[in-house]
There are 2 protein chains.
Amino acid sequence: MARKTGSHSEITGPKIRAEAQRLFARHGFAAVSMRQIAAAVGVQAGALYLYTSDKEALLFDLLKSHMDDLIAAWRAEAPEGADALARLERFVRFHIRFNLERAEVVFLSYMELRNLSEENFAKIEGLRKTYETELEEILKAGQAEAVFLIPDTKLATMAIIAMLTGVNTWFREGGRLSRAMVADIYWDMVRKAVGA
Amino acid sequence: MARKTGSHSEITGPKIRAEAQRLFARHGFAAVSMRQIAAAVGVQAGALYLYTSDKEALLFDLLKSHMDDLIAAWRAEAPEGADALARLERFVRFHIRFNLERAEVVFLSYMELRNLSEENFAKIEGLRKTYETELEEILKAGQAEAVFLIPDTKLATMAIIAMLTGVNTWFREGGRLSRAMVADIYWDMVRKAVGA
DNA sequence: ACGCTAACTGAACAACCGTTCAATATCAAA
DNA sequence: TTTGATATTGAACGGTTGTTCAGTTAGCGT
């Protein structure tokens with residue numbers, strides 16, 4: 001064997017992803033050049049192509065990993081056996097917490113989808129749909145249990161997710177309310193909205 | 001006097017704004033070139049500079065006009081004397097209708113704010129804040145009338161606006177539900193969320 | 001028909017874009 | 001110390017960017 005595989009790439013690779021995420025979120029995908037990313041990493045632009053096939057793949061990998069993480073994290077903590085009300089509460093708190101923890105990539109995954117090719121766009125949209133379905137199943141269950149009173153579970157799903165994701169647009173650390181207080185208040189509004 | 005002022009500019013000016021709005025919404029501000037806009041209008045790139053000082057001004061004018069229109073339209077139809085519940089219902093229906101009617105520029109005003117200079121960004125944010133305050137005043141009034149039960153009017157404002165604006169991301173003409181049905185369902189959820 | 005000006009063209013500017021690649025530096029294994 | 005793959009450079013590619021401007025066209029008032 002020669003040099004240990006990726007002796008530097010183990011540092012440079014993640015660094016590229018981190019700087020790309022930061023810059024894309026700050027200025028937008030199209031407004032950030034490969035040279036800017038390279039400069040932030042401390043490398044020449046050509047070196048980026050040892051870690052990504054092209055600029056779009058850099059974006060896609062960020063979004064794909066995020067969606068995979070999101071779905072896996074939710075499934076890991078979703079209370080499978082519990083009643084619909086408890087499951088909904090868990091979902092609300094999970095969504096707010098997880099999204100606030102990863103504000104940059106969440107922002108990206110809402111703003112930069114149109115910079116993906118048709119196939120890659122479809123993949124991300126599929127994952128988003130998968131995640132939304134997790135919520136809709138809870139709402140359907142609560143409807144069946146007659147604990148929720150929802151005029152349309154599909155619309156309620158979209159409404160709740162939009163409402164929860166909206167927290168990312170205004171929440172600032174050290175503001176008037178802590179994350180926990182925000183989660184409490186949103187859970188109260190969601191619970192009432194579904195008639196429970 | 002010579003030629004009537006703006007004999008052609010009365011056509012070209014609005015056409016530029018319309019095509020810029022369409023292209024910015026479709027591909028993103030940074031991804032659209034002045035030459036693309038000019039080509040869509042049927043003119044050379046240089047001609048655009050008779051109507052705008054630079055590319056950013058083109059975006060800013062679209063967003064500024066939209067925010068002005070939004071606030072003026074709401075104030076024109078806001079039921080000043082009515083009780084909080086009636087005013088909230090009007091707001092919900094107005095917001096959904098107005099935003100669906102202008103999906104392109106609404107999309108822009110959420111996605112492309114970061115392409116504005118600091119001063120221009122602040123102006124748009126100020127107008128957005130003005131609009132949000134209109135809703136918050138309704139919520140405060142309902143709280144005072146004891147017809148609403150809201151843990152935090154600030155958060156409720158953000159939650160409701162995010163929820164309503166979210167309609168734009170999924171609504172498609174000719175889908176399962178009409179605009180009126182969507183508005184009915186959202187009003188039902190909002191009413192419950194505020195405890196009325 | 002003429003003059004004037006608004007409207008527009010087309011070329012040019014320097015800067016920057018994503019991407020490729022031959023050359024080179026780096027360093028573990030032999 | 002030599003070997004050889006890994007990691008990276010730096011220059012180059014053709015093309016595009018926003019913007020400017022001298023020159024041309026078009027049409028109204030006289």
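Side chains are part of it too, since the values below use all heavy atoms of this structure and drop only hydrogens, waters and symmetry mates. Letters A, B, ... mirror the listed sequences (proteins, then strands); counts begin at 1.
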K.L.:
Which heavy atom of B/Ala84 sits nearest to which heavy atom of B/Ala141, and what is that distance?
P.N.:
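In this case the closest contact between B/Ala84 and B/Ala141 is CB-C, 4.1 Å.
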K.L.:
In whole Å, I'd like the distance from the CG atom of A/Leu58 to the C1' atom of C/dG18.
P.N.:
12 Å
K.L.:
Distance check needed: D/dT8 P versus A/Leu48 CG, whole Å only.
P.N.:
10 Å
K.L.:
Name the one of A/Phe91, A/Phe98, A/Trp74 that satisfies ring pair (Phe, Tyr, Trp, His ring centres under 6.0 Å) with A/Tyr131?
P.N.:
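The passing option is A/Phe91.
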K.L.:
Return the value, rounded to whole Å, for the distance between atom CG of B/Leu50 and atom P of C/dA6.
P.N.:
11 Å
K.L.:
Both B/Ala47 and A/Glu56 contact DNA chain C. Which one's nearest nucleotide lies toward the 5' end?
P.N.:
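Per heavy-atom nearest nucleotide, the more 5' residue is B/Ala47.
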K.L.:
Going hydrophobic residue to hydrophobic residue with side-chain gaps under 4.5 angstrom, can you get from B/Phe60 over to B/Tyr49?
P.N.:
yes
K.L.:
If you compare every side-chain N and O of A/Gln44 against the phosphate oxygens of D/dT8 (OP1, OP2), does one of them come in below 4.0 Å?
P.N.:
no
K.L.:
Please determine whether a side-chain nitrogen or oxygen atom of A/Tyr49 lies at a distance below 4.0 Å from atom OP1 or OP2 of C/dC21.
P.N.:
no
K.L.:
Could you state the CG-C1' distance from B/Asp54 to D/dT17, rounded to the nearest angstrom?
P.N.:
14 Å
K.L.:
Specify the separation, in whole Å, of atom CD1 of A/Ile11 and atom P of C/dT26.
P.N.:
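Those two atoms, CD1 and P, are 15 Å apart.
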K.L.:
Could you identify which residues of residues 18-38 of chain A place a heavy atom less than 4.0 Å from some atom of DNA chain C, listed by residue number, or say none?
P.N.:
A/Val32, A/Ser33, A/Met34, A/Arg35, A/Gln36
K.L.:
Nearest 0.5 Å, what's the CG-CG distance between B/Asp68 and B/Asp61?
P.N.:
10.5 Å
K.L.:
B/Trp187: what forms a ring-ring contact (aromatic ring centres under 6.0 Å, His included) with it, not counting sequence neighbours?
P.N.:
none
K.L.:
Whether B/Arg26 engages the ring of B/Phe107 as a cation-pi pair (distance to the six-membered ring centre under 6.0 angstrom, angle to the ring normal within 45°) should be assessed.
P.N.:
no
K.L.:
What salt bridge (Lys or Arg N to Asp or Glu O under 4.0 Å) pairs are there with at least one residue in residues 98-114 of chain B, not counting sequence neighbours?
P.N.:
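Output for this query lists A/Glu112-B/Arg114, A/Arg114-B/Glu112, B/Asp69-B/Arg102.
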K.L.:
Answer yes or no: does a side-chain N or O of A/Thr12 lie under 4.0 Å from OP1 or OP2 of D/dT8?
P.N.:
yes
K.L.:
Return whichever of A/Gly46 or B/Lys55 has its heavy-atom-nearest nucleotide of DNA chain D closer to the 5' end.
P.N.:
A/Gly46
K.L.:
Give a yes/no answer on whether the side chain of B/Tyr51 brings an N or O atom under 4.0 Å of OP1 or OP2 in C/dA7.
P.N.:
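False: B/Tyr51 side-chain N/O out of range (4.0 Å or more) of C/dA7 OP1/OP2.
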